[in-house]
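To start, the structure itself, in structure tokens.
Counting starts at 1 for both ligands and their atoms, in listed order.
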Amino acid sequence: MYTNKKYDFNSEAFAEAFHTDAPLGALWSREETRFVLWAPTAEKIILNLYPDGGSSEASAVHTMVRGDRGLWSVSLPGDWNGVYYDYQVTVEGTTRRTADPYAKACGANGSRSMVVDLRSTDPEGWAQDAPPARQGEDIIYEIHVKDFSFDTASGVPAAQRGKFVALTLEGTRLNGKDFPTCLDYLKKLGVTHVQLMPSYDYGSVDELGPDSQFNWGYDPVNYNVPEGSYSSDPTRGEKRIRELKQAIAALHQNGFRVIMDVVYNHTYALDSWLWRTVPGYFYRFWADGTPSDGSCCSNDVATERSMVGRYILDSVLYWTEEYHMDGFRFDLMGLMDVPLMNRIQEALDERYGAGEKLLFGEPWSADKTAARVGTVLADKSGIRQLHPNLGAFCDGTRDAIKGVLTDVKKPGFVNGGSLTAVELGKCLKGWTGAGEPFATPAQTIQYVSCHDDWTLWDKLVHTMGRDFDRMEPEILRANRLAAAMYFSCQGHVFLLSGEEFARTKQGEKNTYNATPELNQLDWNRAWENRDLIEYYRGLIALRKQLPGLCDKSGDANGRILEVKDIAKNCVTALVDNHGDSPWDQVLLAFSAAEEAVELKLPQGDWEVLCDGDSSFRWQSHGLCGKTADIAPKTCLILGRRNEE
Ligand code: CA
């Protein structure tokens, strides 16, 4: 395994000698393009220019000139917009061809970079594009660009299915029915944030290959370029840029903020553009020279090194500035270092206002990593050292409600397990408070399904039934209870698209490279389960009216007043709900009991807000007496009317 003979990349001396904040990449203007590459260990660099991003011969070759701090550059007079390029970088006698790791555009499969005039890629009105105002709560809905519209029943024209432009289409309907799909469907559902699974250029799908290919895309190739297989023409570098911008503009116009899923913890392969430019620098290695593999994807990016941190920060800022992204979800954030994550949050807060851009990630890794000694990682033990608005997925609530991921048959509360009042209290408080992993509910991402692992429905069927396509009433009831529970927890609410219509992957756990047909949103299934969708829709609308649960402040957990076991498998909690709401207190009851349980109500006029049948009870303002019955295996959410 390669190690550089001359430099210790972990050393302060290396950072002091070579760190630079100079602009990098192909810096276009109408008068000239300046090509700048950071490659401190290189002996020689050649720039090749091409008429296309494919396999044409170089139309011109230029030798780069070494400047200080490891910067190599050459300036070419004239307008080079649309010209493709790559480099030949020689390090310690070995020459490697590489695309530009700092590229903003590329050809098919990202193997050559492209010089781009970014303003020429702006769709009409882009300069005025802005996200909708932040609502009282963040309801984050995770979609995959191809999943979202690939179904032939999606109402999207064939040529646009699975593409960025499908996200711009209004008025799509399920074939032959008055049932909205895609963008119109999301508007009706009421979620506030759409999270795009990897939409940067990834390597596992041949952009010139058949549409039957599929991948989630957690295998980055060009960090600062959109994925080509989602564009109408991957061979023309400007198209994917414009089409992703069009998708974001349409989402903004239709009331959604957009979160981008980013994977800075590893690259598609160790032999990446970053590797070929500065071999060894961007990755972690064990002392014996083997590559660190905490990602279980063959390599770990060394986020703690200064020019790696700069690369990642610049990339996040670029997606925010150029594509108007409203937030980022960091894959395997547990492999990234806390100081870098905090620098990212602070830089975004400074530019866009505190908390305006939502940041969160997975506070874990797949295995141990060879970070520089002393590096504090943004894993579960590091969350409290993160900025108080920087969030992480909460496995505690997820596992308590539906059961762990390590044992398919092990249930949670809703599917045959149990839950104490103490455990419910932790979930409701977003696992904040003394001894808990989260400092504030602004950090807690509450969820019971994401693209990883079984869908909620499949986990429920694995524990309660057999057939993933049979809508057993008992399992549907458990699904509703699960949803009502995590929608009642403090924190940000997150769900995998289709959870609200019992999305199935036929019991499969990891479908990252399964067929598009298995992965796609099944819009006929949505129609069949429209009652369940309606239940989620009501929960979303109700949640936005419950300041006691939406409170993200450091002392929000003080609003969770009394958490009690009132019968076997039946837990309740009283919530201080003062604020902009018709109800000053909320009483939550969750029952997995076989029999109905009688709930004695505290003083005041109590209304049913939600029960197992409807999450829209709050619309009818029906008053309870001194007691209320909690039906078996369901929830009951009550609100106390504000005194006049
Ligand atoms: Ca690609």
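In this structure, the side-chain contact (heavy atoms from CB on, under 4.5 Å) partners of Lys368, at least two apart in sequence or on a different chain, are Trp286.
Counting only distance, with no hydrogens or angles, the side chain of Asn265 and the backbone of Met336 share no donor-acceptor pair below 3.5 Å.
Within the structure, side chain to side chain donor-acceptor pair (under 3.5 Å) pairs that include any residue of residues 310-321 comprise Asn224-Ser315, Tyr264-Ser315, Arg310-Asp314, Glu321-Tyr352 (at least two apart or interchain). Applying the salt bridge (Lys or Arg N to Asp or Glu O under 4.0 Å) rule to pairs touching residues 505-516 yields Asp453-Lys509, sequence neighbours excluded.
Annotation for Lys44: atom NZ does not count as buried by contact number, only 12 or fewer foreign heavy atoms lying within 6.0 Å.
Cation-pi contact between Lys245 and Tyr323: present, with separation from the ring centre below 6.0 Å and deviation from the ring axis of at most 45°.
Around the Ca ion (ligand 1), the protein contributes the following N, O or S atoms under 3.0 Å, ordered by chain and number: Asp201 OD1, Tyr202 O, Glu207 OE2, Glu227 OE1.
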